[in-house]
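Please read the structure below before turning to the comments.
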Amino acid sequence: MEHLYEILINHGPLGMFLSAFLAGSILPFSSEVVMAALLAAGVNPWLLLLAASAGNTLGGVTCYYVGRMASPDRVRQIFRIKESRMRRARALVSRWGAWVGFLCWVPFIGDALLVTLGIMRSNPITTNLAMVIGRTARYAIVLFSALGIAQMAG
């Protein structure tokens, strides 16, 4: 895994995009490591925010469309999503609709939310808009927190 991080970091903003895409999909991956390394290397923070948000959102879109195209049982089997997570996700989607996509960045349940939004055929435009807002806000907080910590240390 270390080698993969090194490759992604060496590719600058493209590496940020790819790591965020991986993290935004069902795969367990931490794009924050790549973001911190690129920030330390002096890459423009706004470019990192754009690359991270775009990649992570596209990763989430894949989760949504997997849910939309496959049966719920098959999705749970392939991606090993626990039934309890799916139940919680269905309850949230039933209550809040496509806007629950705003919470798709939350660890452990975010992917299940997106898959469930796809299964429940939520409005793709509203779902994607909510996802973009949530994921961009999350990366902005991570990025500007890291910048603040770096300024305090240096």
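Note: hydrogens, waters and symmetry copies are ignored here, and every other heavy atom, side chains too, is used. When a residue number appears, it is its place in the shown sequence, counting from 1.
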At what distance, to the nearest 0.5 angstrom, does [atom1] of [X] lie from [atom2] of [Y]?
X: Leu58; Y: Met131; atom1: CG; atom2: CE; result: 8.5 Å
X: Tyr64; Y: Leu113; atom1: OH; atom2: CG; result: 13.5 Å
X: Trp96; Y: Leu103; atom1: CH2; atom2: CG; result: 9.5 Å
X: Leu14; Y: Leu38; atom1: CG; atom2: CG; result: 10.5 Å
X: Tyr5; Y: Leu8; atom1: OH; atom2: CG; result: 8.5 Å
X: Arg90; Y: Leu117; atom1: CZ; atom2: CG; result: 12.0 Å

Taking all atoms of both residues into account, what is the closest heavy-atom pair of [X] and [Y], and its distance?
X: Ile141; Y: Ser145; result: O-OG, 2.6 Å
X: Pro13; Y: Val43; result: CG-CG1, 4.1 Å
X: Ala130; Y: Trp99; result: CB-CE3, 3.6 Å
X: Leu49; Y: Ala140; result: CD1-N, 3.5 Å
X: Arg121; Y: Gly67; result: NH1-O, 4.1 Å
X: Met120; Y: Ser94; result: CE-OG, 3.7 Å

Is it true that a side-chain atom of [X] and a backbone atom of [Y] form a donor plus acceptor pair closer than 3.5 Å?
X: Ser25; Y: Leu22; answer: yes
X: Ser19; Y: Met16; answer: yes
X: Asn56; Y: Phe21; answer: no
X: Thr57; Y: Ala54; answer: no

> Does the side chain of Ser31 pick up a donor-acceptor pair with the side chain of Tyr139 at under 3.5 Å?
Replying inline: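 Side-chain D/A pair, Ser31 to Tyr139: present.
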> Is a side-chain donor-acceptor pair under 3.5 Å present for Ser122 with Thr127?
Replying inline: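 Short answer, yes.
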Do you reckon [X] sits in the same ILVMFWY cluster as [Y], going by side-chain contacts under 4.5 Å, direct or chained?
X: Leu48; Y: Ile7; answer: no
X: Val142; Y: Leu47; answer: no
X: Phe144; Y: Leu50; answer: no
X: Trp46; Y: Phe17; answer: yes
X: Val132; Y: Val115; answer: no

> Please walk me through it: do Met35 and Leu143 pass side chain to side chain contact (heavy atoms under 4.5 Å, CB included)?
Replying inline: CA-CA 8 Å; Met35 179 176 271; Leu143 182 66; 3.9 Å; yes
>> Taking the basic N atoms (NZ, or NE/NH1/NH2) and the acidic carboxylate oxygens, is any pair closer than 4.0 Å for Arg88 and Glu83?
In response: no
> Who passes salt bridge (charged side-chain N to carboxylate O under 4.0 Å, His left out) against Arg68, sequence neighbours left out?
Replying inline: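 Testing Arg68 for salt bridge (charged side-chain N to carboxylate O under 4.0 Å, His left out), a comparison that skips the adjacent residues, returns none.
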> Are side-chain heavy atoms of Leu39 and Pro45 found at a separation under 4.5 Å?
Replying inline: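 Yes - at least one pair of side-chain heavy atoms lies under 4.5 Å apart.
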